Amino acid sequence: MAGKKPQEPTTGLTLAQLSRDRMTLDEWIVENEGEETPELQELLLDNDMAVDRKITAIAYVIDTELARAEAKKAVGTKLVNAAKAIVNRMDWLKNGYLASYMAQLGKKPGDKIEGIEADVRIQLNNPRLDPPMPEADDEVALAAYNDGCERLFRAGNPFAEQVITYKLDRNALLAAAKLDPSILPMGMTIVRDESVRIA
């Protein structure tokens, strides 16, 4: 039905008003003992046509608006998917291609390349624990991790609570781990990745 237009303009009456008019006409027919005069037949025909036009006009509005909604949803989905594809491509271009070739070209953290379009530099990311905190549903890994944390507590490790909650004072932990790597549970290490930053 989308794309079709009402054949004729409607009367301007609502469907409720047209329905009441039809009830009135039906009452007149009853009062006339079922006899339909030519005038009454014309009024009934006009009412039927007006009702049909109103119904099809309402249906057209519904169909058109639903089609518009579907088109908007389709465009929205396409835009979201297109945006995701762009982000994925740019992530690969930045953290795969560019980072790899900058490393091959000997660029290291702190190196900065200034350009007209953008400035690019290699940066050290914040320290993080490797391996990371076990997933909640990995009971074996969690048990081993918690056991390691308990040993830290018993040994009076100053970073035990920070390790458990992952609210690390990264600078202090990094400095301490450089002097004594045993402060980390379960053979964890501190990792500092490099990444490309574009400004």
Side-chain angles (χ1 to χ4, degrees), residues 2-3 62-199:
I62 292 168
D63 197 50
T64 303
E65 289 303 302
L66 287 175
R68 284 182 60 213
E70 285 303 313
K72 286 185 179 203
K73 282 201 294 195
V75 168
T77 301
K78 285 180 185 175
L79 289 176
V80 167
N81 291 339
K84 283 181 185 173
I86 291 168
V87 168
N88 289 339
R89 281 197 316 270
M90 294 309 104
D91 183 58
W92 171 83
L93 190 60
K94 177 180 158 188
N95 299 310
Y97 182 84
L98 193 58
S100 171
Y101 280 103
M102 287 180 76
Q104 283 183 28
L105 292 165
K107 304 297 180 190
K108 52 195 178 305
D111 288 352
K112 184 175 182 180
I113 302 163
E114 295 183 7
I116 296 170
E117 296 86 1
D119 294 338
V120 181
R121 69 181 173 91
I122 303 292
Q123 71 176 16
L124 271 178
N125 295 327
N126 289 331
R128 63 179 172 80
L129 287 177
D130 187 53
M133 178 79 169
E135 295 293 325
D137 58 354
D138 188 345
E139 293 178 12
V140 174
L142 264 181
Y145 180 81
N146 290 334
D147 182 55
C149 290
E150 281 295 321
R151 285 197 307 272
L152 284 180
F153 266 124
R154 285 196 301 272
N157 185 317
F159 293 98
E161 189 172 342
Q162 291 182 25
V163 170
I164 291 168
T165 62
Y166 271 69
K167 293 179 180 174
L168 299 176
D169 178 342
R170 287 187 174 90
N171 293 333
L173 184 58
L174 183 61
K178 282 181 182 175
L179 298 174
D180 181 11
S182 69
I183 68 167
L184 297 172
M186 297 171 30
M188 284 186 168
T189 58
I190 292 179
V191 176
R192 293 200 79 183
D193 299 317
E194 298 174 7
S195 64
V196 174
R197 183 175 178 115
I198 300 172

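Basis for what follows: all heavy atoms, side chains included, without hydrogens, waters or symmetry-related copies. Residue numbers start at 1 and run along the sequence shown. Since the structure is predicted, the reported quantities are computational estimates derived from the model, not experimental observations.
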> Is there a donor-acceptor pair closer than 3.5 Å between any side-chain N or O of D111 and the backbone N or O of K108?
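Pair found, side chain donor or acceptor close to backbone of K108.
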> Nearest 0.5 Å, what's the OG1-CD distance between T77 and E70?
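Between T77 OG1 and E70 CD, I get 9.0 Å after rounding to 0.5 Å.
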> Measure the CD1-CG distance between I113 and L105 for me, rounded to the nearest 0.5 Å.
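Atom-to-atom, I113:CD1 and L105:CG are 8.0 Å apart.
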> Quick check: do K107 and V120 have side-chain heavy atoms less than 4.5 Å from each other?
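No, too far: nothing below the 4.5 Å cut-off.
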> Does the side chain of I198 reach to within under 4.5 Å of the side chain of D119, using non-hydrogen atoms?
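No, their side chains stay 4.5 Å or more apart.
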> How close do R121 and K112 get, heavy atom to heavy atom, and via which atoms?
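Closest pair (atom of R121, atom of K112, distance): CB-CA, 3.9 Å.
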> As an exercise, state the distance from OG of S100 to CG of N95, rounded to the nearest 0.5 Å.
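If we round to the nearest 0.5 Å, S100:OG and N95:CG are 11.5 Å apart.
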> Return the CG to CD1 distance between L79 and I86, rounded to the nearest 0.5 Å.
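The CD1 atom of I86 is 9.5 Å from CG of L79, to the nearest 0.5 Å.
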> Can you measure from CE (M102) to NZ (K94) and round to the nearest 0.5 angstrom?
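Here the interatomic distance stands at 11.5 Å.
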> Are any non-hydrogen side-chain atoms of N125 and E194 less than 4.5 angstrom apart?
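N125 does not reach E194 side chain to side chain.
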